[in-house]
Colleague: 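Take this structure first; my questions come after.
Starting from 1, each residue takes its place in the sequence as its number. Since this is a predicted model, take the numbers as computed values, not measurements.
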Amino acid sequence: MSTRELIVLGTASQVPTRHRNHNGYLLRWDGEGLLFDPGEGTQRQMLRAGVAAHDIDRICVTHFHGDHSLGLAGVIQRINLDRVPHRVTAHYPADGQRFFERLRYATAYRETVALAEEPVSGDGGVLARTPAYTLEAARLSHPVVSYGYRLIEPDGRRMLPERLAALGVRGPEIGRLQRERVLEREGRTVTLEEVSEVRRGQRFAFIMDTRLCDGAYALAQGCDLLVIESTFLDEDEALAVEYGHLTAGQAARVAAGAGVRHLVLTHFSQRYGDPSDFERQARAAGFEGELTVAQDLMTVALPKRR
């Protein structure tokens, strides 16, 4: 059975606290693992969460502020130390190539793994296509170049038992029809479209440091699971705008307008002690779907298919 879940490794912004590590998020998508924004302490959090270097297939960095990228050095060296047997691909802003290289080669170590560098530039766009998903990026609004990421599963088809029964299609014939899309049966041609409907692919988006912008709205559109920063509470909106961040209410309005099913708020300023305030303000802003205020080392499953 395929597994699609988010493992939260850290939820702090700028500086870690006693209860929150710097950023870090691992998305398990079937047989692949995508590590987003590994801040300081990510290796330690991976150990505590039961995540191994072998679980990482892609590393996606939104921008090169320390709380989102200083863990890269350790993670990359751990991938090599453990001799991960598969290709690992790193996506990050091309504007920060010099930072990536400094982190990748921060100290001496033996390279044993083919780490592919595939930086993101311009407005973003499609970064990779696999049988399981398309990976996209979009430019965000922050004092340094920043991108958000989105995974889109290809649409499939859902078989409709009542239509299959009405046309007498059963047993091995169903599998054959799925493979070949047409079936000759008792002098009649049955097409796949007659006995099935489109099953929309699942969508996941990861939006970190940004002001409200077109890129944030585009990435969130129609997502089953949206992970989005909410650094400030609404009463500090002026600070959010100044430093290039979102408030809990702004993040919730993005999600509500985009039809998000499950919203995960994260990247909290150390100035706030009560996480329930973020949930309260998100609800007040009109988000009615499933809502999680992220905590370190929690696991969030993608919602079941519609």
Side-chain angles (χ1 to χ4, degrees), residues 1-9 23-38 42 49 51 55-63 68 75 86-93 116-140 146-157 198-210 213-229 251 254-255 258-267 289-290 292 294 298-306:
M1 181 179 294
S2 63
T3 298
R4 294 183 181 177
E5 64 185 14
L6 177 77
I7 300 174
V8 179
L9 302 173
N23 282 281
Y25 310 83
L26 184 96
L27 177 67
R28 296 190 191 275
W29 189 277
D30 300 344
E32 289 196 34
L34 294 91
L35 178 65
F36 294 89
D37 278 9
T42 292
V51 175
D55 295 328
I56 301 171
D57 294 89
R58 293 184 189 273
I59 302 172
C60 299
V61 178
T62 59
H63 66 292
H68 297 260
V75 169
H86 54 259
R87 169 189 169 108
V88 177
T89 303
H91 304 285
Y92 52 88
E117 298 181 11
E118 295 187 5
V120 188
S121 60
D123 293 328
V126 175
L127 306 180
R129 296 186 190 274
T130 78
Y133 61 81
T134 296
L135 176 65
E136 300 177 342
R139 184 77 177 263
L140 299 174
S146 183
Y147 291 91
Y149 296 93
R150 179 166 71 162
L151 274 78
I152 302 176
E153 178 188 31
D155 291 340
R157 299 202 71 85
V198 174
R199 183 196 67 199
R200 184 178 178 275
Q202 289 187 311
R203 299 185 179 195
F204 165 88
F206 184 82
I207 301 173
M208 281 296 115
D209 297 15
T210 185
C213 64
D214 291 344
Y217 287 105
L219 289 165
Q221 191 62 44
C223 278
D224 297 279
L225 184 66
L226 170 64
V227 180
I228 188 169
E229 70 120 310
V254 169
V260 168
R261 298 174 64 197
H262 189 158
L263 170 63
V264 178
L265 298 178
T266 188
H267 194 268
E290 191 169 356
T292 297
M298 75 179 343
T299 298
V300 182
L302 262 76
K304 293 183 178 180
R305 297 185 185 281
R306 297 179 187 272

Colleague: Quick check against the 3.5 Å criterion: does Arg28 have a side-chain atom that pairs as donor or acceptor with the backbone of Asp55?
Modeller: no
Colleague: His86 side chain to Ile56 main-chain N or O, any donor-acceptor pair under 3.5 Å?
Modeller: yes
Colleague: Between Glu136 (side chain only) and Gly124 (backbone N and O only), is there a donor and an acceptor less than 3.5 Å apart?
Modeller: no
Colleague: Where do Leu263 and Glu290 land on the side-chain contact (heavy atoms from CB on, under 4.5 Å) test, with the steps shown first?
Modeller: CA-CA 6 Å; Leu263 170 63; Glu290 191 169 356; over 6 Å; no
Colleague: Holding to salt bridge (charged side-chain N to carboxylate O under 4.0 Å, His left out), I want the full list of residues that pass it with Asp214, two or more places apart in sequence or in another chain.
Modeller: none
Colleague: Could you tell me if the side chain of Leu35 sits less than 4.5 Å from the side chain of Leu9, heavy atoms only?
Modeller: yes
Colleague: Does any part of the side chain of Leu27, heavy atoms only, come nearer than 4.5 Å to the side chain of Tyr25, both counted from C-beta?
Modeller: no
Colleague: Atom CG in Leu151, atom SG in Cys223: separation rounded to 0.5 Å?
Modeller: 9.5 Å
Colleague: Do Cys60 and Leu127 have side chains that get closer than 4.5 Å, going by heavy atoms?
Modeller: no
Colleague: Mind checking the CZ-OG1 spacing from Arg203 to Thr134? Nearest 0.5 Å is all I need.
Modeller: 10.0 Å
Colleague: side-chain contact (heavy atoms from CB on, under 4.5 Å), that's the test. Do Asp209 and Leu140 meet it? Break it down for me.
Modeller: CA-CA 8 Å; Asp209 297 15; Leu140 299 174; over 6 Å; no
Colleague: Please report the shortest heavy-atom distance between Arg4 and Glu153, naming the atom on each side.
Modeller: NH2-OE2, 3.0 Å
Colleague: What are the two closest non-hydrogen atoms of Gly122 and Tyr147, and how far apart are they?
Modeller: O-OH, 2.7 Å
Colleague: Are any side-chain N or O atoms of Tyr149 and backbone N or O atoms of Val61, one a donor and one an acceptor, separated by less than 3.5 Å?
Modeller: yes
Colleague: Please name the residue in the list Leu226, Leu225, Leu6, Thr62 that meets the side-chain contact (heavy atoms from CB on, under 4.5 Å) test with Phe206.
Modeller: Thr62
Colleague: Would you say Asp57 and Val88 make side-chain contact, with heavy atoms under 4.5 Å?
Modeller: no
Colleague: Compare every heavy atom of Pro154 with every heavy atom of Pro131, then report the nearest pair and how far apart it is.
Modeller: O-CG, 3.8 Å
Colleague: Just how far is it from atom NE2 of His267 to atom CG of Asn23, taken to the nearest 0.5 Å?
Modeller: 5.0 Å
Colleague: Which pair of non-hydrogen atoms, one from Val254 and one from Ala216, has the smallest distance, and what is that distance?
Modeller: CG1-O, 4.1 Å
Colleague: For a quick test of reading the model, state the closest non-hydrogen atom pair linking Leu302 to Glu5 and the distance between them.
Modeller: CD1-N, 4.2 Å
Colleague: Calculate, to the nearest 0.5 Å, the distance between atoms CD1 and CG belonging to Ile228 and Leu265 respectively.
Modeller: 8.0 Å
Colleague: Between Arg58 and Thr130, is the side-chain contact (heavy atoms from CB on, under 4.5 Å) condition met? List the steps.
Modeller: CA-CA 12 Å; Arg58 293 184 189 273; Thr130 78; 3.9 Å; yes
Colleague: Nearest 0.5 Å, please: how far is CD in Glu118 from CD1 in Ile59?
Modeller: 12.0 Å
Colleague: Do you know which two heavy atoms are closest between Gly259 and Arg306, and how far apart they sit?
Modeller: O-NH2, 4.0 Å
Colleague: Determine whether Val227 and Thr266 make a side-chain contact, defined as any pair of heavy atoms from C-beta on separated by less than 4.5 Å.
Modeller: yes
Colleague: Can a salt bridge be assigned to the pair Arg199 and Asp155 using a cut-off of 4.0 Å between side-chain N and carboxylate O?
Modeller: no
Colleague: Anything under 30° is parallel, anything over 60° is perpendicular, the rest tilted; go ahead and classify Trp29 against Tyr133.
Modeller: perpendicular
Colleague: Do Met208 and Ser146 have side chains that approach each other closer than 4.5 Å (heavy atoms only, starting at C-beta)?
Modeller: no
Colleague: Under the criterion side-chain hydrogen bond (donor to acceptor under 3.5 Å, both in side chains), which of Arg261, Gln202, Lys304 is the partner of Asp224?
Modeller: Arg261
Colleague: Output the distance between atom CD1 (Ile7) and atom CE (Met298), rounded to the nearest 0.5 Å.
Modeller: 12.0 Å
